[in-house]
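Just so it is clear, the structure is predicted and the values come from calculations on it, not from any experiment.
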Amino acid sequence: MKLFHFLFCSFFIFNIYGQTTIVQRIEFASENQITQTIPFGNNGLLYQNNIEKKAKQDKNNTVNSYTLFNTNLDKVKTIDVKTPKKYSVHLESKSAHKFFEIAIDKHKNYIIHAISIPQLDVTSLHGKLPKNLYIHAVESLDDYIFIKASTRKFYFIFIKNMITGEESFTQYTPVSAHDFNMLGFKADSSSNELYIIYRDKINNEITTIVEIYTQGKKSNEFIIPNGTEKFLLNGSLFKTKDNAYILCGTFGNSHKDMMSVGIYICKLKHKKIEFIQFVNYLDIKNFMINLPEKKQERIIKRKEKKEKKGNDIFISYMIAPHKIIEYNNEYILIAEAFYPTYKQECYTVPTGSGGTTTQCTVVFNGYEYTHYFIYTFDQKGNPIWSNTKKMNISYKPFRVETFVNANITNNNLVTLYGTDKEFYYTAFNQKGEEISSETHISITSENESESIKKSSMITEHWYDNFFIAYGFQKIKNTDEKEKRNVFFINKIEVKP
């Protein structure tokens, strides 16, 4: 890995664009490597890369290099982590103070590498999973690894204690295989708990079950009967400051729906439901912002007519909700809206008579992200304010992702996300009004002859009012007629 001389280590050397400032930037030569950046708050950030040169030198192992940078983007330490190449499945997970590599071979033998932050020490544990398991997801806390997996008939949660090496399995046997579905699986480092949410048919009624795991064992459970009209389609759990839980997600008119028609908010405490609220997307301010004005007007008129008759209409969307933000005894939910796209692929095939014919098929072509919305509510679930903002994502991911990052700064909610060579910043005040909105190029060089020809970018909140943007770029210098391919990391300060 070659660190460019283009290394900016002092604050405020880039131009200031109103409310956001790229205060630092570092670049690395791009060498056909797998690279990512993992923020760890005030403990700095971890830079991971897999370099071809090291792979050629060690024919038996896959080698990942990890470099820890402090909050000034100064290099602190570098280590290499080796895994035998026979381990073909590679998974990763992050907790508050550790980064985990999980590698699995064809016989279900596994190696877990735990990299501690900021020490950058590595602990490796070995073991074996049962055969015929299909692995869906991995979550982690500092002392535990959780793997969600399934067979043809059952779901499993595999739990590994990284301190003692103890292992355990939780098996989920559906009452109704037709109705069973996993709605949520997430470890929360702030509460040091694992949350599992699933749906099944119990006593002939669709029911949602919320399980909470503490220290690797189930410590609490909530049962939520679904009723017959509104069905919970997914869910995420957030522990509040008063030791209650907020369950939120999307709902549909059928439990088999892919598209949702609104969000739900449910507060759970002492194994009871304190409230559950359902919010139609059309009741969220500016939710139809991505639609043509005439179509918005038609939907509003239809909604008004239906409401006069005591009925309601819905608009269907796929939604990716974020983790709840708790601030000043209020709750803030951010969610991103998207829809699947498809394309037609045609190919030539031989016929029985010796000729050829053209056959076409429709294939999935990624998710188109359109807008995100913010919905705030009080401790009883009553709405406070809501608002919506268009998104400009330059590509269509083939899996569900979240792009928007958020933070409370100077009592205002700020959002930031990046795509291609630009990042987008917006600030909302405590009334939900948009008070600032800006678009920035991800490189601001003192050399005006430099320009970005190609770029990819991911943004994440780092710590306090700082964000990071990172990715690959091809930069051209028109004066010197030179190009460079780099992996960059920008440190961004937000001042609403």
Side-chain angles (χ1 to χ4, degrees), residues 18-20 230 235-242 244-251 260-267 274-291 293 296-297 299-300 303-304 307 312-315 317 319-338 369-392 402-417 424-438 461 465 467 494-496:
Q19 307 299 330
T20 56
K230 298 179 176 67
S236 63
L237 205 64
F238 170 76
K239 190 173 186 177
T240 65
K241 293 177 182 177
D242 62 348
Y245 294 91
I246 297 290
L247 174 67
C248 67
T250 64
F251 74 92
S260 60
V261 297
I263 58 171
Y264 69 89
I265 300 156
C266 179
K267 189 169 185 177
E274 290 205 347
F275 67 77
I276 184 166
Q277 304 281 6
F278 294 91
V279 182
N280 188 328
Y281 289 139
L282 295 177
D283 292 329
I284 295 173
K285 183 180 178 182
N286 297 326
F287 184 83
M288 295 183 291
I289 193 172
N290 65 301
L291 300 179
E293 288 187 9
Q296 292 186 41
E297 292 172 359
I299 294 173
I300 291 172
K303 189 174 188 298
E304 290 173 348
E307 285 177 344
D312 209 348
I313 66 167
F314 300 97
I315 185 170
Y317 258 93
I319 299 290
H322 290 220
K323 180 182 175 181
I324 291 285
I325 299 172
E326 185 175 9
Y327 184 72
N328 280 348
N329 295 319
E330 298 175 357
Y331 305 111
I332 303 170
L333 171 64
I334 300 173
E336 302 175 33
F338 59 95
Y369 280 69
T370 55
H371 55 296
Y372 68 92
F373 66 84
I374 304 160
Y375 186 84
T376 65
F377 54 99
D378 64 20
Q379 294 200 22
K380 294 184 178 180
N382 300 311
I384 300 173
W385 64 265
S386 62
N387 212 337
T388 307
K389 182 78 174 178
K390 282 186 178 181
M391 297 180 70
N392 298 285
T402 54
F403 294 89
V404 178
N405 308 277
N407 189 47
I408 303 293
T409 305
N410 295 338
N411 295 319
N412 297 318
L413 176 69
V414 299
T415 63
L416 186 144
Y417 69 92
Y424 299 84
Y425 155 85
T426 305
F428 301 87
N429 64 18
Q430 296 180 68
K431 296 180 181 179
E433 300 165 336
E434 187 177 311
I435 57 175
S436 182
S437 182
E438 300 164 354
H461 177 251
N465 60 326
F467 294 74
V494 172
K495 291 182 176 180

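Nearest heavy-atom pair, P383 versus Y375, reported as atom, atom and distance to 0.1 Å: CB-OH, 3.2 Å. Residue P321 comes nearest to G249 through the heavy atom pair CG-CA, 4.2 Å, listed as atom of the first residue, atom of the second, then distance. Of all heavy-atom pairs between L413 and I325, the closest is CD1-CD1, 4.4 Å. Taking every heavy atom of both residues into account, F467 and N405 meet most closely at CE2-CB, 3.8 Å. Nearest approach of N387 to G432, heavy atoms of both residues: ND2-O, 2.8 Å. Nearest heavy atoms, M391 versus F403: CE-CB, 4.0 Å.
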Checklist entry - Would T376 and L333 satisfy side-chain contact (heavy atoms from CB on, under 4.5 Å), going step by step from the backbone distance to the final call? => result CA-CA 6 Å; T376 65; L333 171 64; over 6 Å; no

Checklist entry - What do the steps show when you test K323 against I334 for side-chain contact (heavy atoms from CB on, under 4.5 Å), and what is the final call? => result CA-CA 8 Å; K323 180 182 175 181; I334 300 173; over 6 Å; no

Item to check | From CA spacing to verdict: side-chain contact (heavy atoms from CB on, under 4.5 Å), I313, L282 | outcome: CA-CA 8 Å; I313 66 167; L282 295 177; 3.8 Å; yes

Checklist entry - Checking side-chain contact (heavy atoms from CB on, under 4.5 Å) for the pair C248/I324: CA distance, chi angles, key distance, verdict? => result CA-CA 8 Å; C248 67; I324 291 285; 3.8 Å; yes

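Checking side-chain atoms of D312 against main-chain N and O of E307 turns up no donor-acceptor pair under 3.5 Å. Side-chain atoms of N328 never come within 3.5 Å of backbone atoms of E330 as a donor-acceptor pair (strictly under, hydrogens ignored). Side-chain atoms of D378 come within 3.5 Å of backbone atoms of G381 as a donor-acceptor pair (strictly under, hydrogens ignored). At least one donor-acceptor pair closer than 3.5 Å links the side chain of H371 to the backbone N or O of F287.
No donor-acceptor contact under 3.5 angstrom links the side chains of Y425 and T415, judged on distance only. Judged by distance alone, the side chains of N465 and N407 never bring a donor and an acceptor atom under 3.5 Å apart. Using modelled atom types, one finds a donor on one side chain and an acceptor on the other under 3.5 Å when comparing E336 with H322. Looking at Y281 and S260, their side chains do bring a donor and an acceptor atom within 3.5 Å of each other. Using modelled atom types and a 3.5 Å distance limit, the side chains of T240 and K267 yield no donor-acceptor pair. For the residue pair N411/Y327, the side-chain donor-acceptor check at 3.5 Å is satisfied. Side-chain contact check for Y317 and N290: at least one donor-acceptor pair (N or O, by modelled atom type) lies under 3.5 Å.
Note on ring orientation: taking the six-membered ring where Trp is involved, the planes of Y331 and F377 are tilted (angle from 30° to 60°).
Of the inter-residue distances, the one linking I315 atom CD1 with I284 atom CD1 reads 11.0 Å to the nearest 0.5 angstrom. The distance from atom CD of Q277 to atom CG of N382, rounded to the nearest 0.5 Å, is 6.5 Å. The distance from the CG atom of L247 to the CD1 atom of I276 is 7.5 Å, given to the nearest 0.5 Å. Distance check, rounded to the nearest 0.5 Å: OG of S386 to CD1 of I263 gives 8.5 Å. If you take CD on Q430 and CH2 on W385, they are separated by 10.0 Å, rounding to the nearest 0.5 Å. In this structure, CD1 on I265 lies 15.5 Å from NZ on K380, to the nearest 0.5 angstrom.
Side chains of K495 and T20 form no contact here, defined as non-hydrogen atoms less than 4.5 Å apart. Side chains of T426 and Y372 form a contact here, defined as non-hydrogen atoms less than 4.5 Å apart. In this structure, the side chains of I435 and F428 stay at 4.5 Å or more apart for every pair of heavy atoms.
K389 has a carboxylate O that lies under 4.0 Å from a charged side-chain N of E434, or vice versa, which qualifies the two as a salt bridge.
For K230 and F278, the positive end sits near the middle of the six-membered ring, less than 6.0 Å away and at most 45° from its axis.
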